[in-house]
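Okay, so here's the structure we're looking at.
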Amino acid sequence: MDYSELIKMAEEAMQKAYAPYSGFRVGAAVLSGNGRVYTGANIENASYGATCCAERVAIFKAVSEGEKRIQAVAVASSSEETVFPCGICRQVMAEFGNAEMKILCGKSKGEYEVYTLGELLPHSFGLDRAK
Ligand code: THU
């Protein structure tokens, strides 16, 4: 699966965003360790703290289907500027991906920047410390 295909799936997933409060629409596509793709969109709530980001929706879909590892996450948004995953989503990525996993941060349609999780979340808190 090439990166441009994954970012396209994130862009498509963005169409399903439920973002009546912020108006900021986000889509995500997760490539699992098994090579399957799971998509998600942000889902907001009148009680703002109950909002869930697109990345976590997609990762939780994957994990709830039995996936244990993720290889890459693509994120797209309604903004023309590069979208970066929030801190909570980076921490969730660290639970299921390694420092080398790729994060494709979308810009304007079809364009993206590639980072590793290690770059976006250095010195992460992991399973080994939490036990
Ligand atoms: N949001 C995401 O879905 N992913 C991100 O990486 C950043 C923020 C959503 C949450 C909320 O619905 C809206 O964007 C504004 O914060």
Side-chain angles (χ1 to χ4, degrees):
M1 143 99 30
D2 74 13
Y3 292 166
S4 52
E5 188 62 26
L6 202 62
I7 204 86
K8 209 169 145 201
M9 292 174 92
E11 286 170 358
E12 275 166 27
M14 182 177 74
Q15 307 306 321
K16 302 265 170 52
Y18 176 73
Y21 303 101
S22 73
F24 187 62
R25 305 169 72 80
V26 187
V30 168
L31 178 63
S32 77
N34 291 335
R36 284 190 59 189
V37 176
Y38 298 81
T39 60
N42 57 330
I43 303 173
E44 298 187 344
N45 193 279
S47 176
Y48 292 2
T51 292
C52 194
C53 292
E55 297 91 319
R56 272 176 289 145
V57 170
I59 293 168
F60 293 159
K61 276 170 72 176
V63 174
S64 64
E65 292 296 323
E67 303 284 357
K68 294 284 186 292
R69 305 301 300 164
I70 55 178
Q71 300 185 48
V73 178
V75 193
S77 84
S78 48
S79 162
E80 296 278 284
E81 281 174 34
T82 310
V83 61
F84 289 94
C86 80
I88 297 174
C89 291
R90 294 179 199 195
Q91 180 66 30
V92 169
M93 289 173 196
E95 189 73 23
F96 303 106
N98 60 27
E100 286 72 47
M101 72 161 271
K102 300 289 188 292
I103 302 171
L104 318 179
C105 300
K107 304 160 92 162
S108 51
K109 204 171 182 337
E111 288 181 29
Y112 54 90
E113 294 171 7
V114 184
Y115 296 88
T116 63
L117 181 60
E119 288 174 309
L120 297 189
L121 189 70
H123 311 293
S124 68
F125 183 78
L127 253 187
D128 47 336
R129 303 259 174 88
K131 274 183 183 158

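Keep in mind that the numbers below use all heavy atoms, side chains included, and drop hydrogens, waters and symmetry copies. One-based numbering, in listed order, for ligands and for the atoms of each.
- Of the possible donor and acceptor atoms, none in the side chain of Gln15 sits under 3.5 Å from a partner among the backbone N and O of Glu12.
- Contact atoms of ligand 1 toward Cys86: 6 (O) (distance under 4.0 Å to a heavy atom of the residue).
- For the ligand labelled ligand 1, residue Cys89 lies outside the 4.0 Å heavy-atom shell.
- Atoms of ligand 1 lying under 4.0 Å from at least one heavy atom of Pro85, given by number and element, are 6 (O).
- Side chain to side chain, Asn34 and Ser32 fail the donor-acceptor criterion of an N or O pair below 3.5 Å.
- The shortest contact between atom 13 (C) of ligand 1 and any protein heavy atom is with Glu44 OE2, 3.4 Å.
- Atom 16 (O) of ligand 1 has its closest protein heavy atom at Phe24 CD2, 4.8 Å.
- Under a 4.0 Å heavy-atom criterion, Phe84 is in contact with ligand 1.
- The N/O atoms of Cys52, backbone and side chain alike, include none that comes under 3.5 Å of an N/O atom in ligand 1.
- The heavy-atom pair separating Pro85 from Leu120 by the smallest distance is CD-CD1, 4.1 Å.
- Within the model, atoms CD of Glu55 and CD1 of Ile103 stand 9.0 Å from one another, a figure rounded to the nearest 0.5 Å.
- Shortest contact from atom 3 (O) of ligand 1 to any protein heavy atom: Ala54 N, 2.9 Å.
- Atom-to-atom distance recorded for Glu11:CD and Arg25:CZ is 13.5 Å, nearest 0.5 angstrom.
- Among protein heavy atoms, the minimum distance from atom 8 (C) of ligand 1 is reached at Cys53 SG, 4.0 Å.
- Glu55 OE2, 3.4 Å is the protein heavy atom nearest to atom 5 (C) of ligand 1.
- A distance-only check finds no donor-acceptor pair linking the side chain of Lys107 to the backbone of Glu113 [under 3.5 Å].
- Here CD of Gln71 is found 9.5 Å from CG of Leu6. Values are rounded to the nearest 0.5 Å.
- For the pair Ala19 and ligand 1, no heavy-atom separation below 4.0 Å is found.
- Backbone and side-chain nitrogen or oxygen atoms of Thr51 are examined, and none is located within less than 3.5 angstrom of a nitrogen or oxygen of ligand 1.
- Counting protein heavy atoms only, atom 9 (C) of ligand 1 is closest to Asn42 ND2, 3.6 Å.
- Ring planes of Tyr112 and Tyr3: perpendicular class, angle over 60° (limits at 30 and 60°).
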Val92 and Phe60: side chain to side chain contact (heavy atoms under 4.5 Å, CB included), yes or no, with the steps? CA-CA 9 Å; Val92 169; Phe60 293 159; 3.8 Å; yes
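- Scanning the protein heavy atoms around atom 15 (C) of ligand 1, the nearest turns out to be Ser22 OG, 3.7 Å.
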